[in-house]
Amino acid sequence: MNRHLLFATVVSALGSFLFGFDTAVISGTTRFITAFFSLTDTTLGITVSVALWGTMLGSIVAGRPGDIWGRRAVLMVCGAVYLVSALGCALAGSWAALLAFRFLGGIGIGASSVMAPMYIAEISPARLRGRLVAVAQLNIVVGILVAFFSNYLLVGAGPDNWRWMFGVMAIPSAAFFGLLFVVPDSPRWLVRVNRAAEARAVLAGVGAQDVDLELGDIVRSLGEEQHSAPLFQRKYAFAIRCALILPVFGILSGINVIMYYAPMIFERAGASTDAAMLQAVVIGITNLVFTVAAMFLIDRIGRRPLLMIGAAGMCLSMAGASVPYFSEHLLGGGALVACVVAFVACFAFSMGAVIWVFLSEIFPNAVRARGQALATFADWLVNALVGLIFPVALTAFGGGPVFLFFSLLEIPFFYFVLKVMPETKGKSLEELEKTIVRAAP
């Protein structure tokens, strides 16, 4: 890996850092904005969730601009959107203004969740692509942890502490926007818009082993497709199916339930509020550690082995987490925490690291932006629905059946990975197009 490739990867992955930060920062402000804006439970829920609806919009509309203006240009827009959102939330004088800027930040989250891993995949050599795209996932995790820590440091900042919590994101947002001016465009996009000479220079700069061969593969791949090729064609059906199943099962594993409701889950098991918050921090650290571990293995042992190991572990750990809800005599609160931490470790080691890598690889050059946007939209839609339904389901059915449901869903997912999902390790994006799209039924 040379310094140009590393620099471009780190800069583009800042979009994922901001994605994680913006997602988590609201957790530290809820108590204070509730008092300031006189929010009820309902209006607080709207305030917390409004960014997620913006995320869905951003993810579905990002693909086409990414094809027209380029991946880097869309990431620049995301940087500007993050900056405006951070300052707008910090200076909001009314609840309506806060909602508007939260929604705007959600649009940035959705768009960057599509474009950052896509850009990294298109600029990376095949031998390094898995690890480099996983940097985007790592930065999401780091962004979440930094948001939690930043909130902790700013709690004592006075009556306007919540404004500082929102506003601090303006610093990395401005850095992200500025640094994008000095990284190259994606070579695949440059070829797409007839700038092959620039694409050649980019490939050489990021350390392509055979520039002419790789450039020729890109030219042939794009030359065989209409630039306006519709996504919903029979030859793309297999890629679409795989790209939708993986993120949907990722959410249906129950990961967002743990991330959004961990303190409540632990309190239901008998922990105090302080202990529950500390246990949630342990979950965040676990998420980071096992994401890093997966980064070192994803290009060595492949995507499918990681997913199969993770699916088996998530199935067992979620089943264990369901036990105390059926009978507290069978499994105590401490064991519940251990099962939940084990689940998060298994998710981070598998789905958490693989999903964004796989989505950036599975679609051919001609429809990659739109295909990844569709899959990301599906991910956020299911995320929103599960997050909305979980409190109701927990009250109606109890934690035991709910967690057991999540556990049992890992069985069909394991079968999908074993029998259907293709392995993408070590292959160029053009090689994958030949083996996945042209070989698809």
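In this text, all values refer to a predicted model and were calculated from it rather than measured experimentally.
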Please evaluate residues Met115 and Cys78 with respect to the criterion side-chain contact (heavy atoms from CB on, under 4.5 Å), reporting the C-alpha separation (whole Å), side-chain torsions for both, the decisive distance (0.1 Å), and the verdict. CA-CA 9 Å; Met115 285 297 139; Cys78 290; 5.7 Å; no
With side-chain contact (heavy atoms from CB on, under 4.5 Å) as the criterion, how do Leu306 and Phe349 come out once you've worked through the C-alpha distance, each side chain's angles and the decisive distance to 0.1 Å? CA-CA 7 Å; Leu306 287 182; Phe349 185 71; 3.4 Å; yes
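Under the 30°/60° scheme for interplanar angles, the aromatic rings of Phe249 and Phe413 are found to be tilted. Taking the six-membered ring where tryptophan is involved, the planes of Phe406 and Phe403 are tilted, since the angle between them lies from 30° to 60°.
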Please output the side-chain donor-acceptor pairs of residues 309-318 that fall under 3.5 Å, not counting sequence neighbours, one pair per line with the distance.
unit_1	atom_1	unit_2	atom_2	d
Ser317	OG	Gly313	O	2.8
Ser317	OG	Met314	O	3.3

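In this structure, the separation between CD1 on Ile140 and CG on Asp22 is 12.0 Å, given to the nearest 0.5 Å. Note that the CZ atom of Phe176 and the CE atom of Met169 stand 11.0 Å from one another [nearest 0.5 Å]. Between atom CG of residue Leu374 and atom CG of residue Asp379 there is a gap of 11.5 Å, rounded to the nearest 0.5 Å. Expressed to the nearest 0.5 Å, how far CD1 of Ile144 lies from CG of Leu288 amounts to 10.0 Å. If you take OG on Ser350 and CZ on Arg304, they are separated by 14.0 Å, rounding to the nearest 0.5 Å. Rounding to the nearest 0.5 angstrom, the gap separating the CG atom in Asp185 from the CD atom in Glu122 is 10.5 Å.
Contact annotation: the side chain of Leu246 approaches that of Leu307 to within less than 4.5 Å [non-hydrogen atoms, C-beta and beyond]. The shortest distance between side-chain heavy atoms of Phe101 and Val84 falls below 4.5 Å. Counting only heavy atoms from C-beta outward, the side chains of Arg72 and Ser186 never approach each other to under 4.5 Å. Side-chain atoms of Leu180 and Val183, non-hydrogen and from C-beta on, do get closer than 4.5 Å to each other. Ile107 has its side chain out of reach of Thr55: every pair of non-hydrogen atoms, C-beta onward, lies at least 4.5 Å apart. Put simply, the side chain of Ile255 does not reach to within 4.5 Å of the side chain of Met351, judged on heavy atoms. Residues Phe238 and Cys242 are in side-chain contact: their nearest non-hydrogen atoms beyond the backbone lie under 4.5 Å apart. Contact of the Phe405 side chain with the Leu409 side chain is registered, since non-hydrogen atoms from C-beta on lie closer than 4.5 Å.
Shown here for Ala321 and Cys339, the closest heavy-atom pair between the two residues is N-CB, 3.8 Å. Heavy atoms only, all atoms of each residue included: Val191 and Ala199 are closest at CG2-CB, 3.6 Å. Minimum interatomic distance between Ser173 and Leu18 (heavy atoms only, all atoms of both residues): OG-CD2, 3.6 Å. Taking every heavy atom of both residues into account, Ser85 and Leu104 meet most closely at N-CD2, 4.4 Å. Summarising the geometry of Ser12 relative to Leu75, their closest heavy-atom pair is CB-CD1, 4.2 Å, with the distance given to 0.1 Å. Looking at every heavy atom in both residues, Ala170 comes nearest to Leu87 through CB-CD2, 3.8 Å.
Here Thr47 pairs with Trp95 under the side chain to side chain donor-acceptor pair (under 3.5 Å) rule; sequence neighbours left out.
Judged by distance alone, the side chain of Glu423 and the main-chain N or O of Gly302 form no donor-acceptor pair under 3.5 Å. The backbone N or O of Phe103 lies less than 3.5 Å from no partner atom in the side chain of Trp53, so there is not a single donor-acceptor pair. Arg102 places no side-chain N or O within donor-acceptor distance of the main-chain N or O of Ala51, the cut-off being under 3.5 Å. Side-chain atoms of Thr291 come within 3.5 Å of backbone N or O of Asn287 as a donor-acceptor pair.
Screening residues 3-30 for ring-ring contact (aromatic ring centres under 6.0 Å, His included) gives Phe19-Trp380 as the qualifying pairs, with residues at least two apart or on separate chains.
Side-chain contact, Ser112 with Tyr82: a donor N or O sits under 3.5 Å from an acceptor N or O.
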